[in-house]
Every structure is written in structure tokens, then in C-alpha cells.
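What follows is a single structure, written as C-alpha cells, with notes after it.
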Amino acid sequence: MGNKKIVANQKMYMTREDIGRFINIIGSLSSDQFIVCPSSIYLNEFQDTNLHLGIQNICPYEKGAYTGEISIGQAKDYQVQYAIIGHSERRSFFSEKNEMFQKKIELCLKEEVTPIFCIGETKEQYEMHKTNQVLKRQLFDVLKNIDSKQISKIIIAYEPVWAIGTGLVPTEQEIDAIVVYIKQLIKQEWNQEVEVLYGGSVNYKNIQKLKTISSIDGFLVGGASKDAGELLKMYEVVVS
Ligand code: PEP
């Protein structure tokens with residue numbers, strides 16, 4: 001499936017000043033394989049850069065009285081091509097549920113924005129060897145009503161909850177087996193092929209090793225995406 005992608009999820013880490021510095025270092029990078037998802041309030045700062053853009057979340061409704069939300073149409077006004085859906089932080093801190101993820105994915109597909117749908121097991125589920133079961137449930141509950149021809153337009157991000165922001169990473173063998181499992185499930189159920197990213201404590205130190213996992217199509221990088229220099233080095237590793 002071609003070169004591996006890096007998707008930078010900057011969460012709520014950056015100030016406007018940080019964004020200015022980040023853009024000075026990395027703003028001229030133009031690559032389909034490199035996507036930055038800043039805080040939405042700073043999307044405007046990226047308009048004169050060459051970077052491909054994603055949004056960290058979108059409203060499940062198209063338009064109207066939804067105080068504090070950002071619609072997919074508004075995101076598209078700022079050249080957003082990707083949207084992160086179902087991140088574990090949205091699930092745990094904002095109680096977002098499957099029904100909402102389905103609506104968001106449907107809206108993305110309608111508006112031709114690529115959804116990056118995040119799934120992953122908790123530490124407890126991992127220790128109880130329930131990872132495959134949990135991932136299957138998360139995928140089926142959200143994607144069951146999506147037209148099968150659209151499934152290949154969705155990117156899946158496998159992000160074990162216990163690996164996000166903790167410095168813990170599954171072994172390469174574990175990641176490979178899970179990504180292969182996800183791809184097989186999608187093939188069996190929808191007869192489609194999808195790209196699958198890995199996310200969870202990826203950084204410049206471990207990306208060299210992680211990039212050798214042939215089944216994965218790229219990385220969702222959180223904490224390490226704040227530092228433009230480190231991110232650029234990670235991109236160079238991935239495309240080399
Ligand atoms: C994430 O939030 O998607 C993520 C992968 O975070 P981190 O890289 O900080 O673990």
C-alpha cells in the first residue's frame with residue numbers, strides 16, 4: 001500500500017507561538033504521507049503552508065445550533081482533508097459513543113474528508129487477551145451500517161489505550177498480528193482493503209524499529225508531534 005504515513009495529532013498541546021515555530025521548521029513540507037492535525041483554532045495559521053491538514057474531531061451534525069462545535073464544512077474551508085474520529089481521549093473524557101462515531105464517519109465520507117477511525121483496547125482487556133474481541137466489536141458497532149464500497153476510504157488507527165502517552169509500546173510482533181487481524185476482518189466482512197496506522201508512544205527513538213512492521217501503513221503520533229524537528233526526523237526515517 002505504498003509509503004507509510006505520519007499523522008501528527010497535536011492534541012491541545014500547542015500555543016499560537018509554538019505553532020509559529022513549528023511552521024517555520026516544517027511548513028514547507030508537502031507530502032501526501034505527512035498530515036498535521038493542529039488544534040482547530042490554529043488551522044488558519046497553516047493556510048499558507050504546504051502541509052496536508054487534518055482535524056482532531058468534528059461535530060456529528062452538519063450545521064446548526066451546536067454551541068462550541070466545528071462542522072465538517074467549516075473544517076473544509078481550512079483545507080482539512082482528514083478527520084480523527086473515535087480517539088480514546090474523546091471516548092474517555094467526553095463520553096463519545098459509537099453512534100456518534102458512525103455519524104461523524106458518514107459525514108466525512110459524504111464530504112470526501114478521510115476519516116481516521118481510532119480503535120484500541122485498555123490495559124485490562126490486553127492482559128485478559130481480549131484485544132481481538134474488543135477491536136472487532138469497536139469496528140463492527142461503528143461500521144456496520146456504512147456502505148461497503150466506502151469502507152476502503154476509511155483509515156483505521158490501532159491505538160492501544162495503554163500505549164497512548166505512557167511510553168509503553170506493544171512488541172512489533174503484537175502490532176503486526178493485530179494489524180493483520182484488522183485487515184483480515186475488513187476483507188472478510190466488507191471485501192475491502194484498508195490502511196491501518198499504529199499509534200501509541202511513537203517517537204524518534206522507536207520509529208526506526210516500528211517502521212519495519214510490514215503490515216502497517218503508518219503512524220499516528222501524539223506527544224512527539226509537538227516538536228517539529230523530531231517530527232521531521234521521524235518523517236525522514238519513514239520515507240527512507
Ligand atoms: C494519540 O494520542 O493518538 C497518540 C498516539 O498519542 P502518543 O503518541 O502521545 O502516545
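Counting starts at 1 for both ligands and their atoms, in listed order. Model, not experiment: these values are computed from the prediction.
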If you apply the rule side chain to side chain contact (heavy atoms under 4.5 Å, CB included), what do you find for Y61 with S71, and how did you get there?
CA-CA 7 Å; Y61 308 106; S71 75; over 6 Å; no
Between the side chains of E99 and K103, is the shortest nitrogen-to-carboxylate-oxygen separation below 4.0 Å, so that they form an ion pair?
yes
Going from CE on M234 to CZ on F34, what distance comes out if it is rounded to the nearest 0.5 angstrom?
9.0 Å
Geometric cation-pi criterion, K183 with Y181: 6.0 Å, 45°:
no
Select all protein residues for which some heavy-atom-to-ligand 1 distance is less than 4.0 Å, and list them by chain and number.
N9, K11, H87, E159, A163, I164, G165, G199, G200, S201, L220, V221, G222, G223
Consider only side-chain heavy atoms of I, L, V, M, F, W and Y, link residues closer than 4.5 Å, and tell whether I58 and V142 are in one cluster.
yes
Residue pairs passing the side-chain hydrogen bond (donor to acceptor under 3.5 Å, both in side chains) test with at least one member in residues 142-151, sequence neighbours excluded, are Q150-K153
